Amino acid sequence: MGRVNDLDYAEKRARLEDLAPEALAELEAEEEEDEYDLPDLPNAEAHDEIRMRCAPNPNGPWHVGHARMPAVIGTYRERYDGWFCVRFDDTDPETKRPDLEAYDAILDDLDYLGFEPDATYTASDRLETYYDHARDLIELGGAYTCSCSGEAFSELKNSGEPCPHRDKDEATVREEFEAMVDGEYDSGELVLRVKTDIEHKNPALRDWVAFRMIDTPHPREDASEYRCWPMLDFQSGVDDHLLEITHIIRGIDLQDSAKRQQFVYDYFGWDYPDVIHWGHVQLDDYDVTMSTSTISELIEDGELDGWDDPRAPTLKSLRRRGIRGEAIVEAMTGLGTSTTDVDLAMSSIYANNRELIDEETDRRFFVRDGTQVPLAGDPPAEANPPLHPNHEDRGVRDIPVGDAVLLEAEDIPDGDENGEQRIWLKGFGCFRFDDGVLRYTADDIDVVREGGVDVVHWVPADGSVPVRMRTMDGDVTGHAEPGVGDLAADDMVQFERVGFARIDRHGDGKDAETVAYYAHP
RNA sequence: GCUCCGAUGGUGUAGUCCGGCCAAUCAUAUUGCCCUCUCACGGCAAUGACCUGGGUUCGAAUCCCAGUCGGAGCACCA
């Protein structure tokens, strides 16, 4: 037994293969099955092709929570060899006014996450389609124009009473709706309601609004002439059918939508897609709320530098910090699709990212708030720490050392004669701290192996690169070893004992700062 | 007020449909040890959960009822 446990995995597998090949096959088959993070889609086998949509409101670049939708439907698309589109549900030019730059910003965020939609639609291009369906619905007796104020209707609705407009004859409804389409009413004057069940036990489903008038022109020029706009439940319901969506995945805030839209589907004789609702996601570690409008305000007020400020919980921010989209996608699919609210730990995104980048990311020294200490005792002229501890083949860094180094204050020995006064400058050698000077001792590495002498990171006082590292908790300044000045923007480094960071840009001229963005430990 | 959901360790998740294989899976987190020219990686170990109360049953995380807590909708927002 003990001998078996001492074997490593490959050996155990080989031994098992000899002894009981069928048991091994079974074990490995089980492992295969377990590889999915996400549950099976309901009724997947009933469709030739799984078709899904991601339907954002383009009112700003995406925050981290938005990544959940593409992560999940993108993963399902791969798993079922399916299809998904992006559909911009931009049918409110006023309250949720679209931001013209957000359309491309969202597609860009999607690309960062590693997904390309099979098609892209924009609801504000499709108003004529919605009008046509409204006309059909009116003909089926499924809708009526209503001039009640929101308040008055709400009161009637809550007591389960129909409003006087409910029995309007079809010709009048048709006529008034055409006048709505032609923009002959002002905002608030008239709406088109779907006739559902005014006594339905759930008040949320009673005769909801399908179209309303909006005076403010849509920001997209192609849509700026329209004044009669569909509500989400109508627009989205019609589009989901026309795009042959088989599976809708969305938040619990739209829990009642399916039931509302079901009335329209019934009038038209359509089958409603399968729906999955999930709860809200919260992120730990951030002071800023994950909300597009809040972030947008903070940027406007100058509290944040922009959508990619390291303190902003946005995809642009994570991207700038050098976190791969894949790390976010994995964290998101790991959340599953439960209807409960969930807290996503940033540490799980970091752990995924570390796994992706650790092997390929070279090590560098970065000393925060360095204290200068002179060297003595004739040390070597150059230090040569490895680029990566697990990859000797990549070679070493050549760090020319002058007559002084910068150290972090806590790494400098305390000068107490009773304590160990030697430190090992990594990749360089052993020094004894004496009277404010580090004197080279020429001890070999055994003094470290035997314990007692601490290894510290350091940079030469001359030739090091001033660095401003931007973090979630504010900027950190210090100096990185000279070679960092030669790295390209976008290169990742691991500052030893500090963490992973992405090189953002180098400054111009002498003494100009290099800017790096901190990713994670 | 009316109507829907949901509840497994610090976090996420598996198991719940079809009760026993669950003194509960995996990941992450935290701690300790090993490895190591710091960190990271890797290895080993520890920590830590079935919301509460009833019921059904030989047996309940799983089924039933009640309660508690949490979330969502009842918009001319998405």
Side-chain angles (χ1 to χ4, degrees), chain A residues 8 34 37-39 55-59 89-92 94-98 123 146 148-151 153-154 157-160 187-193 200-206 208-214 229 231-233 235-236 250-257 259-260 277 279-282 284 292 330-336 338-352 354-355 357-359 361 363 365 383 385-386 388-391 411 423-430 445 447-449 453-458 494-500 520-521:
Chain A
D8 69 17
D34 288 343
D37 264 335
L38 294 168
N57 174 18
N59 62 347
D89 281 356
D90 57 346
T91 56
D92 182 357
E94 199 167 84
T95 320
K96 293 232 166 153
R97 190 170 175 77
C146 168
C148 292
S149 70
E151 222 170 83
F153 186 85
S154 176
K157 180 197 69 181
N158 286 335
S159 51
S187 170
E189 264 191 277
L190 201 68
V191 298
L192 184 76
R193 288 186 187 281
H200 196 284
K201 64 173 182 168
N202 184 349
L205 311 186
R206 299 171 188 166
W208 44 273
V209 173
F211 286 82
R212 83 296 208 187
M213 304 302 299
I214 294 177
W229 287 90
M231 299 287 290
L232 172 89
D233 279 319
Q235 173 267 124
S236 172
R250 61 187 167 205
I252 39 170
D253 43 331
L254 264 21
Q255 259 178 138
D256 290 334
S257 258
K259 292 169 194 159
R260 271 197 283 259
H277 291 285
H280 299 287
V281 183
Q282 281 196 323
D284 65 358
T292 306
E330 280 172 16
M332 288 296 172
T333 54
L335 294 180
S338 81
T339 60
T340 35
D341 290 354
V342 293
D343 292 324
L344 174 61
M346 284 305 293
S347 62
S348 85
I349 292 179
Y350 298 157
N352 292 337
R354 201 179 295 122
E355 196 178 325
I357 68 171
D358 183 54
E359 285 299 317
T361 304
R363 272 52 176 166
F365 291 142
H388 194 295
N390 300 353
H391 298 280
D411 289 332
I423 51 174
W424 185 281
L425 302 197
K426 184 173 180 180
F428 191 29
C430 188
I445 193 64
V447 299
V448 170
R449 296 202 175 114
V453 177
D454 286 336
V455 179
V456 302
H457 63 153
W458 58 279
Q494 194 219 42
F495 288 136
E496 298 197 37
R497 210 210 235 162
V498 176
F500 292 88
H520 51 73

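Per chain, numbering begins at 1; letters A, B, ... match sequence-line order. Computed from a prediction, not measured in an experiment: that's the story for all the values here.
Nucleic acid contact for A:Val191: base, since at least one base atom lies under 4.0 Å from a heavy atom of the residue. A:Asp343 comes within 4.0 angstrom of the backbone, heavy atoms only, and of no base. Among the atoms of the strands shown, only primed sugar atoms or phosphate atoms (P, OP1, OP2) are found under 4.0 Å from some heavy atom of A:Ser154. Residue A:Phe500 is classed as a sugar-phosphate contact, given heavy-atom separations below 4.0 Å to backbone atoms only. Within the 4.0 angstrom heavy-atom criterion, base atoms lie near A:Ile445. Counting any heavy atom pair closer than 4.0 Å across all strands shown, A:Cys148 reaches a base atom. Contacts of A:Ile214 with the nucleic acid, taken as non-hydrogen atoms under 4.0 Å apart, are absent. Counting non-hydrogen atoms under 4.0 angstrom, A:Gly427 reaches a base of the nucleic acid. Among the protein residues, A:Asn390 comes within range of the nucleic acid bases, having at least one heavy atom under 4.0 Å from a base atom. Within 4.0 Å of A:Val209, counting heavy atoms only, lie sugar-phosphate atoms of the nucleic acid but no base atom. A:Asp89 comes within 4.0 angstrom of sugar-phosphate atoms only, judged by non-hydrogen atoms across all strands, and of no base. Residue A:Leu232 is classed as a base contact, given a heavy-atom separation below 4.0 Å to a base.
The side chain of A:Met231 approaches B:A78 more closely than any other nucleotide in the set B:C37, B:A29, B:A78. Distances were taken from every side-chain heavy atom of A:Gln494 (C-beta onward) to each of B:C74, B:C39, B:C77; the shortest belongs to B:C39. Comparing atom distances between the A:Asn202 side chain and each of B:G73, B:C77, B:C37 picks out B:G73 as nearest. Relative to the side chain of A:His388, the nucleotides B:U38, B:A40, B:U28 differ in distance, and B:A40 lies closest.
Between A:Thr91 and the phosphate of B:A78, there is a side-chain N or O to OP1/OP2 separation shorter than 4.0 Å. Checking the phosphate oxygens (OP1, OP2) of B:U13, a side-chain nitrogen or oxygen of A:Ser338 falls inside 4.0 Å. The side chain of A:Arg497 places no N or O atom within less than 4.0 Å of a non-bridging phosphate oxygen (OP1 or OP2) of B:A40. A close approach under 4.0 Å does not occur between any side-chain nitrogen or oxygen of A:Thr340 and OP1 or OP2 of B:G70. Residue A:Arg260 places none of its side-chain N or O atoms closer than 4.0 Å to OP1 or OP2 of B:U3. Listed pair A:Lys157 / B:A75 meets the phosphate criterion, a side-chain N or O lying under 4.0 Å from OP1 or OP2. Side-chain N/O atoms of A:Lys201 include none lying less than 4.0 angstrom from OP1 or OP2 on B:U3.
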One pair to check against ring-ring contact (aromatic ring centres under 6.0 Å, His included): A:Trp229 and A:Phe211. What are the steps and the verdict?
CA-CA 5 Å; A:Trp229 287 90; A:Phe211 286 82; 9.7 Å; no
Take A:Gln494 and A:His388 through the side-chain hydrogen bond (donor to acceptor under 3.5 Å, both in side chains) test and state the conclusion after the steps.
CA-CA 9 Å; A:Gln494 194 219 42; A:His388 194 295; over 6 Å; no
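One interatomic measurement links the two molecules: CE of A:Met346 to P of B:A27, which rounds to 22 Å at whole-angstrom precision. The CH2 atom of A:Trp229 sits 14 Å away from the C1' atom of B:C76 (whole-angstrom rounding).
Taking 3.5 Å as the limit, the base of B:C77 and the side chain of A:Lys96 contain a donor-acceptor pair of atoms between them. Looking at A:Glu359, its side chain has no donor and acceptor atom pair within 3.5 Å of the base of B:C41. Side-chain to base pairing of A:Arg363 with B:A40: one donor and one acceptor N or O lie within less than 3.5 Å of each other.
In plain terms, the two heavy atoms of A:Pro521 and A:Phe500 that are nearest each other are O-CD1, 3.7 Å.
Comparing A:His280 and A:Gln235, the nucleotide of RNA chain B nearest to each residue sits closer to the 5' end for A:His280. Between A:Pro386 and A:Ala351, it is A:Ala351 whose nearest contact on RNA chain B lies nearer the 5' terminus.
With respect to the salt-bridge test (charged N to carboxylate O, under 4.0 angstrom), the residues A:Arg363 and A:Asp358 qualify.
A distance of about 13 Å separates the C1' atoms of B:C22 and B:G59, rounded to the whole Å. The same atom, C1', is picked in B:C74 and in B:U28; the two are 39 Å apart, to the nearest Å. One P atom belongs to B:U16, the other to B:U36, and the distance between them is 46 Å to the nearest Å. Of the P atoms belonging to B:U25 and B:A61, the separation is 14 Å, rounded to the nearest Å. For the P atoms, the distance from B:G10 to B:C2 is 35 Å, rounded to whole Å. Only the C1' atoms considered, B:U30 is 16 Å distant from B:G12, to the nearest whole Å. Spacing of P atoms, B:U68 relative to B:U52, comes out at 15 Å, to the nearest Å. Taking atom P in both B:A7 and B:U11, the straight-line distance is 15 Å, to the nearest Å.
Heavy atoms of other residues, nucleotides or ligands lying less than 6.0 angstrom from CD of A:Gln282 number 12 at most. Applying the 6.0 Å contact sphere to CD of A:Glu355 captures no more than 12 heavy atoms from other residues, nucleotides or ligands.
Going from atom CG of A:Asp92 over to atom CZ of A:Arg212 covers 5.0 Å, rounded to the nearest 0.5 Å.
At a threshold of 4.5 Å between non-hydrogen side-chain atoms, the residues A:Ile252 and A:His280 count as touching. Within the 4.5 Å cutoff, side-chain heavy atoms of A:Trp424 are placed close to those of A:Val447.
Looking at RNA chain B, the stems built from 3 or more consecutive Watson-Crick or G-U wobble pairs, each pair with its key distances under 3.5 Å, are B:1-7 with B:68-74, B:10-12 with B:26-28, B:29-34 with B:42-47, B:51-55 with B:63-67.
Using cut-offs of 30° and 60° on the angle between ring planes, the pair A:His457 and A:Phe365 is perpendicular.
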